[in-house]
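Bear in mind the structure is a predicted one, so any value in this text is a computation, not a measurement. Counting starts at 1 for both ligands and their atoms, in listed order.
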Amino acid sequence: MKTICLIPGDGIGQEVIPAAAQALRALDLDLTFVEAEAGFDCFQRCGEALPAATLEKVRQSDAALFGATSSPSGEMRGYRSPILALRRELNLYANLRPVLSLPGDFSQPGIDLLIVRENSEGLYSGRERREGDTAIAERVITRAASERIVRVACEQAMQRAHRRGTPPTLTVVHKANVLKVSDGLFRECAMRVAQEYPQIAVREVLVDAAAMKLVKSPQSFDVLVTTNLFGDVLSDEASALVGGLGVAASANVGDGTPVFEPVHGSAPDIAGQGIANPVGAMLSAAMMLDTLGQSQAALELREAIHATLTAGVCTPDLGGAATTGEFTCAVCQHLAHVESEVKKP
Ligand code: NAI
Ligand code: MG
């Protein structure tokens, strides 16, 4: 039996995480769910964005499914984004963000790439300060974290090549022509680690060119590895090629309990309307099942999502008219159908 910690968070997190949990329950696996709170609402109620009890529940679980939380722009005393805190506390140093074509005219065909984003340092080091009218953010790049993330990317490239029967390729994305010292170190580490994997074809692309190539020829990418902020930006961009933020899934992995989360935020502009797209959360749940060794269930969940989209059922962000609830029911019906097919004598 596996224990899953559900952290809906704020805004549409409260809508998409219950939807993903409903799909997981429909799979009829040996899973137990515990719920925990985090986020801006939680901070306003109890003074903490990530209560110690939540962190403890995550530590006690086999995996966590996180929705989204609201972070006010600018300074807010005592508030720190709970997902950044979770990544730090659990040392979840790798953020895996797959971008895969979906059935529907909202998605381009033939895309199957993975962005491996460094999750622990870079411009998200939290080292920011004001010196009078000058503001400084420190972009921390270390050899240890750079080598570690490139190793994750190489392992992912090897696994994907094995699964897809295609040669592994790795694109190292950096800006070492300008950030000569910090990205110079990242690049040096990337090239060194990649040499340990002679089967992998390695190329390097400057981040601005990578942003353009992702739009122009997304089919030419396999695994990309990059630093924290670049990975964050490029993955939102890449999600637009297959339907947008509503369908983008991710995994935070490293030393502690892995945390799976849709890439999107709390979407205050649509929160509470029942129209949030749960696909990103559901595909994150599928990544979680893979990690828990439940690959067959992960496949069934992905197939049910694909079948639902193929039938033209989708939320307004994808051009459809389905509510979160209607989409989720349709996915669960497909899962029930698969179950009864399997159980037929
Ligand atoms: P956002 O991802 O919440 O929304 C961007 C746009 O995409 C909005 O128009 C929204 O309606 C749409 N969208 C996003 N997810 C969708 C879904 N599942 N279905 C349909 N439409 C969807 O990003 P935004 O507006 O920049 O940030 C809102 C809040 O979320 C901020 O407080 C920000 O700090 C927070 N945020 C939290 C993240 C997290 O918890 N991991 C990640 C990104 C932002
Ligand atoms: Mg982002």
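- Atoms of ligand 1 lying under 4.0 Å from at least one heavy atom of Ala267, given by number and element, are 3 (O), 10 (C), 11 (O).
- Residue contacts with ligand 1, taken as heavy atom pairs separated by less than 4.0 Å, involve Asn277 via backbone and side-chain atoms alike.
- For Glu48, the salt bridge (charged side-chain N to carboxylate O under 4.0 Å, His left out) criterion is met by no residue, not counting sequence neighbours.
- Considering only heavy atoms from C-beta on, Glu118 stays 4.5 Å or farther from Thr226 through its side chain.
- Using a 4.0 Å cut-off between heavy atoms, Ile12 contacts ligand 1 through its side chain alone, with no backbone atom that close.
- With contacts defined as side-chain heavy-atom distances shorter than 4.5 Å, the pair Phe221/Thr169 does not qualify.
- No donor-acceptor contact under 3.5 angstrom links the side chains of Thr54 and Glu56, judged on distance only.
- Listed by number with element, the atoms of ligand 1 under 4.0 Å from a non-hydrogen atom of Ala68 are 40 (O).
- Residue Thr69 has at least one N or O atom closer than 3.5 Å to an N or O atom of ligand 1.
- Contact check for Thr324 versus Asn277: no side-chain heavy atoms found under the 4.5 Å cut-off.
- By the 4.5 Å heavy-atom criterion applied to side chains, Leu84 and Leu86 are not counted as neighbours.
- Of all atoms in ligand 1, numbered sequentially from 1 with element shown, those under 4.0 Å from a heavy atom of Ser70 are 32 (O).
- Under 4.0 Å from ligand 1, the heavy atoms of Pro268 that appear belong solely to its side chain.
- In summary, the atoms of ligand 1 found under 4.0 Å from a heavy atom of Asp269, numbered by their order in the structure, are 8 (C), 9 (O), 10 (C), 11 (O).
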Name the atoms and distances for all side-chain donor-acceptor pairs under 3.5 Å in residues 199-211, with sequence neighbours left out.
unit_1: Arg203; atom_1: NE; unit_2: Thr171; atom_2: OG1; d: 3.0
unit_1: Arg203; atom_1: NH2; unit_2: Ser220; atom_2: O; d: 3.3
unit_1: Glu204; atom_1: OE1; unit_2: His174; atom_2: NE2; d: 2.7
unit_1: Glu204; atom_1: OE1; unit_2: Arg187; atom_2: NE; d: 2.5
unit_1: Glu204; atom_1: OE2; unit_2: Arg187; atom_2: NE; d: 3.4
unit_1: Glu204; atom_1: OE2; unit_2: Arg187; atom_2: NH2; d: 2.9
unit_1: Asp208; atom_1: OD1; unit_2: Lys175; atom_2: NZ; d: 3.4
unit_1: Asp208; atom_1: OD2; unit_2: Lys175; atom_2: NZ; d: 2.7

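- Checked by distance only, ligand 1 and Phe66 stay at 3.5 Å or farther apart across all their nitrogen or oxygen atoms.
- Looking at Thr315, Val263, Ile270, Leu86 and measuring to atom 21 (N) of ligand 1, the nearest heavy atom belongs to Ile270.
- Residue-level proximity to ligand 1 for Asp317 is carried by the side chain, the only part with a heavy atom below 4.0 angstrom.
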